[in-house]
Amino acid sequence: MQEKPRAYDHKEIEAKWQKEWAKTGIYTTKDGANGADGEGGASEGAEKQKCYVLDMFPYPSGEGLHVGHPKGYIATDIYSRFKKMSGFNILHPMGWDAFGLPAENYAIKNKVHPRIAVEKNIARYKEQLSIIGFNYDWTREINTTDPAYYRWTQWIFLKLLEKGLAFQSYEPINWCPSCQTGLANEDLDDGKCERCGSVVEKRPMRQWVLKITDYAEKLLEGLNDLNWPESIKESQRNWIGKSEGAEIGFPIEFQHGQKPGLIPVFTTRPETIFGATALIFSPEHLWVTLALDEKHKGVLNNADEVRAYVRQSAKKTEIDRTNIQNEKTGITLDGVWAINPATKEKIPVFVADYVLAGYGTGAVMSVPAHDERDFAFAKKFNSSIKEVVVPNIVDKRNPPVVGKKFVERKNIHAIVKDLQSGKYLALKWKNFDWTTFPMGGVEEGEDVVGAAMREVREETGFKNLKLVKVIDGQVRAEYFAAHKDENRIAYTTAVVFELVDHEKDEIKTAEKEQHDIIWIDESKINYENMTHAEANVWRERLLVEATSFAGPGVLINSGKFNGLDSSAEKTRVDIVAEVGGKIVTRYKLRDWVFSRQRYWGEPIPVIHCEKCGVVPVPEKDLPVMLPEVENYAPTGTGESPLAEMHDWVNVKCPNCAGAAKRETNTMPQWAGSCWYYLRFMDPKNSKTFVGAPQEKYWDPVDVYVGGAEHATRHLIYARFWHKFLYDIGAVATTEPFMRLQNVGLIHAEDGRKMSKRFGNVINPDDVVNTYGADTFRLYEMFMGPFNQSSVWDTKSIMGSRRLIERVWRLQEKVIISEESTQQSRDMGEGTDVKKPDIKKLENLLHVTIQKVGSDIESFSFNTAISCLMVLSRELENQTEISKTTWEIFLQLLAPFAPHLADELWAALGHHRSIHQSSWPVVDASKITQDTAKIIIQVNGKVRGEIEIAMDSSEERVKEQAFLQENIQKWLNGATIKRIVFVKNRLLNIVI
RNA sequence: GCCGAGGUGGCGAAAUUGGCAGACGCACUUGCCUUAGGAGCAAGCGGAGUAAUCCAUGGAGGUUCAAGUCCUCUCCUCGGCACCA
């Protein structure tokens, strides 16, 4: 670099290298199966370890890219460049997910054919991506709307059909009135269409459904082994919604004596069945429909009202139905009873729309005492509440004594509030260190309130009490009753009173001798201050409204199961067996509604024949091409616009050659993305969807990068298809994406999402034009943690530009000729005398090699760049830079700033691209340092530091430390209690 | 309500998993240089204090020689699920 280098011109450099890369085709991937990888024939692709790095391919919308979109692509570009330099055979492809509503809506609005609009959008996207300098292998580009691609999407559908996993259904489904199509559960956002925000309706219609529920367990299980963000895995677990419980039959009886059979209910808490005081149907339950049928006239005394209720429920929107805040509604079925199979008691039967038709069996046993919703319903409809589980407390301070007998007691605690002082009545015991409420046993023939009043009168003399409430729910406690020398199992009810006045009866001397009356604050009602193990429960329940108890405990009122642990597996199993039920597992996951009544999607490849029914299109006739239509706007009739294409629709049955019609529904947007990652492995194959050797070599995707918004749709659907393909032997792995990295959004400077609507879009083309692609790439990666959302800040981008320019200037200091300088002699072989600062630089260089590598591996690009900044500053401080050091530095920079790196690399005389060079190797000997900096603390506060030989002993360090003036000052003759020494780290002197 | 991820300077953020809190960058301040450019260079930059030092990682307790990091409670922000029995 003798002559003064020209000024840094990003436009010239970037255009030059993009052209060069395209010309030499250095990013074209060779299959492992296909041999050499084009790098001078040095290695065979097959011998290299493969690394498949994938972006979630974009939906090419009319708006074009904003600066947020390329963020993930920059990351995969850096990652794959790094992996390639590290010796991996890289697959890093890009394609287009172009079927679906947005393209179609855009086309309708702008009066162009969706195909034309998509072509235009793709061209625009590609142009925008091209100037950022990505290493995509464009020879593998795919497009889901290409017949050569969707032919295989249709083929997979036929396989699903063949295996019984695709079927037609007539269940009511979600219908978006604005998009005029049916939607899957996953397409709803809070009961609204995810696309347009319209409230969806339930609409019965014919539809194709994929049986994803068959894979619920496998989809759940498979998550455990995936290197995915915990939040995504958790979202999927929630979505699949596994719950284990029991199905139990409840016999039904009609008023005239008929016994029409058993109604199965699903419950996750079968152990509470003795508390089931009602049977509740969802309005859509088949049995309700039958009971309202003409044939069963006379069974219900209130059939008209019930019919009206069912009709009214049907009219409610899904949001209304499922809003937890809404008051419960329902109606009794007058003339019908159910029998609780545990207690054999008759219980009332209701219809209520808080019971969902689509979950469990569509009917529930109502246990108000232990379920919040049942409790609210029972309160409103005055049905009975029967407690069968009580919390159980073993008194820690006063535990049962081994060897003493256990006595069961039914107890009361009287909680009496003095209205004047606001304090509570308590007893201070004389013979024991006890503070208690007035308390005692409930005697024969007495109720809890009577017992409580009696105890207050006997123990304190107060007689004018006003009942406030009996606290719902007993508490079981195990403790040692010292005053009776026995272990107690006490079932205690608390009764709350207000003290009207202080008028008293005389109390017995015996009572007086036992305890004094004291008054305590409400805040003292707890186990800390009182003897009662139950005190904390009372405190919790004292001021709140009555509610159900859903926690674990001990069974009561449950016949032979009394006293058992309600949460024990055995208890549940035994109770289920007792009532003739069975243990079952249920999932919230619904089958995937797979048909759309729209034009722009893959035609579902089946034919409806009057004689043969549903006939799959023969594989040889694939693809079923999407025909050109005059009008592709939705019809709203439940048929897609394809239904108007009579020439296309009317075909001969492949089976019987009779008259038949094509299916006119199309597939949902998510179909194409369910398997595109497989197609990239072998994109041009016309014989099969992916060649077996290619699949075997490349599958699975090693790193998959994209937004978290796909958690419960694309990422579940694709896993489902993949597992299906595995089951039919079409792929060799059970999971498609081994590692998932979420990319955080980039918000506009106003903090909102970037959108044309808000007029706050930053266009990557402008940024690249002004600052250059390398600067743009560095900036986006430096903004913050990769998976975190951040705010675009145009001012901050200069920091990245400064790094680029600093690197550009550094080339002036590079010494090309190794022999001619002092530094290179210092760094040369066989020289053991090295200047300390040269050693320091070598150390920094190798620490940086290591750090940048591990940071890229973990997607911590911000800290990797920070290290490069530190190193660049250090290089700037040097008077000259050796060629070796400079080369290593450029290689570390290459994944981040590929254009600049290649430019400076070429200036050194290299003829092959830096991106084909090998990632520098860390020299472990250069990472270890000769000296360590040791922090000297006095009482944990830093008071000094010393530089000392690596691995120095505690003695050596102490010696040095005590010499320090500052340390002496702090010690100041004090006696040393203790010294903590951490090798090469710190010395802490405790005085 | 349940589950998950977070809370550190004016701002974006670091912090080898318990060992110097604030690396790196933006903004800002002062000075230098200049062919006035979003340039470069030097120094400073959590708060208080002349200083020594003290106080600081949402809040309150605790464990420890030592806590942003571990434990208990609590408050707030974001994301997912939600009348799923």
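In what follows, chains carry the letters A, B, and so on, assigned in the order in which the sequence lines appear, proteins first and then strands, with residues in each chain numbered from 1.
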Return the value, rounded to whole Å, for the distance between atom [atom1] of [X] and atom [atom2] of [N].
| X | N | atom1 | atom2 | answer |
| --- | --- | --- | --- | --- |
| A/Trp239 | B/C81 | CH2 | P | 6 Å |
| A/Phe861 | B/G25 | CZ | C1' | 18 Å |
| A/Asp793 | B/G38 | CG | P | 17 Å |
| A/Leu987 | B/C20 | CG | C1' | 14 Å |
| A/Leu223 | B/C3 | CG | C1' | 14 Å |
| A/Tyr771 | B/G38 | OH | C1' | 6 Å |
| A/Leu875 | B/C24 | CG | P | 15 Å |
| A/Phe782 | B/G12 | CZ | C1' | 8 Å |

Tell me whether the OP1 or OP2 atom of [N] has a side-chain N or O from [X] closer than 4.0 Å.
| X | N | answer |
| --- | --- | --- |
| A/Asn862 | B/A14 | yes |
| A/Ser789 | B/C78 | no |
| A/Arg943 | B/A52 | no |
| A/Lys941 | B/C55 | yes |
| A/Arg978 | B/C65 | yes |
| A/Arg802 | B/G40 | yes |

Taking any heavy-atom pair under 4.0 Å as a contact, classify [X]: base, sugar-phosphate, or nothing.
| X | value |
| --- | --- |
| A/Val982 | base |
| A/Ser790 | nothing |
| A/Ser866 | base |
| A/Val980 | base |
| A/Ser800 | nothing |
| A/Pro785 | sugar-phosphate |
| A/Gln937 | base |
| A/Val367 | nothing |
| A/Arg321 | base |
| A/Glu876 | sugar-phosphate |
| A/Val364 | base |
| A/Lys588 | base |

*On the ring face of A/Phe266, is A/Arg586 found with NZ or CZ under 6.0 Å from the centre and within 45° of the axis?*
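Judged by the rule, A/Arg586 and A/Phe266 form a cation-pi pair.
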
Say we look at [N] and [M]: how far apart would their [atom1] atoms be, to the nearest angstrom?
| N | M | atom1 | value |
| --- | --- | --- | --- |
| B/A48 | B/C11 | P | 15 Å |
| B/G19 | B/C28 | C1' | 33 Å |
| B/C3 | B/A82 | C1' | 11 Å |
| B/A27 | B/G10 | C1' | 8 Å |
| B/G68 | B/A60 | P | 14 Å |

Counting only Watson-Crick pairs (N1-N3 plus N6-O4 or O6-N4) and G-U wobbles (N1-O2, O6-N3), all under 3.5 Å, who is the partner of [N]?
| N | result |
| --- | --- |
| B/A5 | B/U77 |
| B/G44 | B/C28 |
| B/A85 | none |
| B/U72 | B/A60 |
| B/U35 | none |
| B/G22 | none |

*Between A/Gly940 and A/Thr361, which is nearer to the 5' end of RNA chain B once each is assigned its nearest nucleotide?*
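Final value for this comparison: A/Gly940.
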
_First of A/Asn877 and A/Arg873 reached from the 5' end of RNA chain B, by closest nucleotide_ =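 Per heavy-atom nearest nucleotide, the more 5' residue is A/Arg873.
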
*Got a donor-acceptor contact below 3.5 angstrom from the A/Arg269 side chain to the A/Ala550 backbone?*
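Flag set: sc A/Arg269 to bb A/Ala550 pair under 3.5 Å.
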
*asked:* Would the base of B/C65 count as contacting A/Asn988 through its side chain, where contact means a donor and an acceptor less than 3.5 Å apart?
replied: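 Side chain to base: pair found, below 3.5 Å.
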
*For the residue pair A/Tyr717 and A/Trp592, does the interplanar ring angle fall in the parallel (under 30°), tilted (30 to 60°) or perpendicular (over 60°) class?*
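If you compare the ring of A/Tyr717 with that of A/Trp592, the planes turn out parallel.
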
_Closest nucleotide among B/G12, B/A27, B/C3 to the A/Lys795 side chain_ =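 Comparing B/G12, B/A27, B/C3 against the side chain of A/Lys795, the answer is B/A27.
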
_Nearest to the A/Ser243 side chain among B/A21, B/G12, B/A85, which nucleotide is it?_
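Nearest to the side-chain atoms of A/Ser243, counting from C-beta on, is B/A85.
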
_Anti versus syn assignment for B/U17, with syn defined as within 90° of 0_ =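 Syn, since the glycosidic angle lies within 90° of 0.
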
*asked:* Around atom NZ of A/Lys582, are there more than 12 heavy atoms from other residues, nucleotides or ligands closer than 6.0 Å?
replied: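 Result for NZ/A/Lys582: open.
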
*Does atom CD of A/Glu194 have more than 12 heavy-atom neighbours from other groups under 6.0 Å away?*
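Yes, enclosed.
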
*Are A/Tyr354 and A/Phe377 close enough that their ring centres sit under 6.0 Å apart?*
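Aromatic pair counts; centres sit under 6.0 Å.
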
*A/Tyr779 and A/Tyr771: aromatic ring centres closer than 6.0 Å?*
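No.
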
*asked:* I'd like to know if A/Arg237 and A/Glu230 make a salt bridge, using a cut-off of under 4.0 Å between side-chain N and carboxylate O.
replied: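 Salt bridge between A/Arg237 and A/Glu230, a charged N being under 4.0 Å from a carboxylate O: yes.
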
*Hey, what do you get for CG (A/Leu987) to CD (A/Gln937), rounding to the nearest 0.5 Å?*
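Separation between the atoms: 8.5 Å.
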
